[in-house]
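The structure under discussion appears below in the form of structure tokens.
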Amino acid sequence: MEKPHFPIFIASLAFFALCSVIGANAQSSFQISIGPLFTVNSTADTVDVNVGDGLCSDSAGRCTLRAAIEESNYEPVANVNSLNLIIFALQNPSVVNLTLGELPITGGVSIIGSGARRLTVQRSSEPGTPDFRVFRIASNGVGVEINRMSIRNGNAGTQDGGGILVEEPGTLTLTDVVVKENSAANGGGIANAGRRFVVNRVLINSNIATANGGGVFNQGSSPFSNSRISNSTITNNTATNGGAVYNTGSIDLTNDTISNNGATAAATSIFNEIGALNVLNTVIGRDAPSALSALSGTFITKGNNIVTDARNSTGFTNGASNDQVSDNNAIDPLIGPLADNGGQTDTRSLLAGSPAIDAGNDCVFTATCSSSTLLNGLSSDQRGRYLRKVGNAVDVGAFEANADPVVQAVSFGLTPRDGSPAFFSGAIAVLISATTNDRLYTGVNPFGFFRFQSIPADFYILEIKGKRARFGGGPFAIGLDEIPIGAPTSASALPESFQGFGFKIDR
């Protein structure tokens, strides 16, 4: 296929959050670092030897994930919630086996793994390990991101959230993550009671809830916008009610594949008890053979869905809003088995002749969907580097048939706008690969400009190291390994990332 030509601009949510800080600080101290960077170099599960000293170090001098989170949680100034970064310098593959209990996160942090196929964080499977979940986003854990890892084997017992628990009013963004083989009472994989919960390009697989929501249990909602699961696959999960999802809050499902889940009492796929559950471009079904219906409750269709068994639910009507709807699995969406089809996470491909191909609403690709369903466009499918639209229209579900990876190498630079001082003149710009921990360097010229040319498409951490104190910048998390959301359409459409600077990324 012919590859599209467009400049690339994408950064993590943390980077956008940093921009307001940068704009505020650039004119005063020129120091735009907003939080430390901790690099985990050991798979051990040990505590930090001196929490609050700014150093990630256990008693043996190693930086473990638990020690890094403990240091990140520490806030030296009251009422300040720093945005910190945690990355990894480990062998491929690596498994962090937790033995000391859950990992509580109490402050803003972006944890960026080396890849869901390369890094697993799990409750240890060794005999005698007590039951506990893997991550807990505490009530004061606002602005938390977890990226590029697998979260496995958490067991919350009679509590909620086997893999992850988000407490009210915490917030969490998950990207390129696998949540698998966890268990709990509610939310075998994830339980969310937080204010904002965003899941994109995530696989939620083979989790168990003894009560509600095998994959996801959602009670959270926001006064500003709904929580969202997009470009994700929820499969092989089981519960008493709601094998895939149990909802009592507000949530949007967009371009998801929800299939082959099971329940023992009600709703093998989704149980919507109360609240708003909006569905767009999503495949629901088929599930494991069961006399139970796939759905229960009232749903709000935003159109272009495939629902193979709509019994015991309202909101879906065959032919209305371009929905394809049947009872008793009369419609076969023709999706393949869970497999490595490229990207960070396994997916279920669309087989030849699938009714999902070219049957979606292009608003997800053009970023024109209503704000109640999707605030930003989806330029890629679940695999990240694969274009969201191939053919006459986008496909329904998390997978785009016949798509090829379109991001191989990128170039990017930072330049002051006209009239802005060259703050970083003479500094060194450093790019750290989140995947390999390799480093790339380039100098900042006298005009404050630098550029990295034709570098591998990867997820990077950018730091600008000045010759003098307080004339540096970063760390910034920059995702250059995916097709961008809301990419500019021409080289002249330079996104202005922060006051006084232009940040340009192109392919």
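All figures in this text were calculated on a predicted structure; none of them were measured in a lab. Residues take their numbers from the sequence shown, with the count starting at 1.
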>> Could you work out, with side-chain contact (heavy atoms from CB on, under 4.5 Å) as the rule, every residue matching Asn155, not counting sequence neighbours?
In response: Arg123, Asp131, Ser183
> How are the rings of Tyr246 and Phe217 set to each other: parallel, tilted or perpendicular (split at 30° and 60°)?
Replying inline: parallel
> Is Asp340 salt-bridged to Arg117, cutoff N-O under 4.0 Å?
Replying inline: yes
> Of Asp438, Asp458, Asp481, which is the lone residue that meets side chain to side chain donor-acceptor pair (under 3.5 Å) with Ser433?
Replying inline: Asp458
> Hey, does Arg152 have a side-chain heavy atom less than 4.5 Å from the side chain of Val121?
Replying inline: no
> Are Arg66 and Asp45 close enough for a salt bridge, meaning some N to O gap below 4.0 Å?
Replying inline: yes
>> Is any side-chain heavy atom of Arg201 closer than 4.5 Å to one of Ser380?
In response: yes
>> Main chain of Ala116, side chain of Ser150: is a donor-acceptor contact present, judged purely on distance under 3.5 Å?
In response: yes
>> By the definition side chain to side chain donor-acceptor pair (under 3.5 Å), identify the one residue from Asn237, Asn236, Asn207 that meets it with Asn261.
In response: Asn237
> Who passes side-chain contact (heavy atoms from CB on, under 4.5 Å) against Thr238, sequence neighbours left out?
Replying inline: Ile208
> Between Asn73 and Thr106, do the side chains contain an N or O donor and an N or O acceptor separated by less than 3.5 Å?
Replying inline: yes
> Hey, is Glu168 close enough to Arg195 for a salt bridge, meaning N to O under 4.0 Å?
Replying inline: no
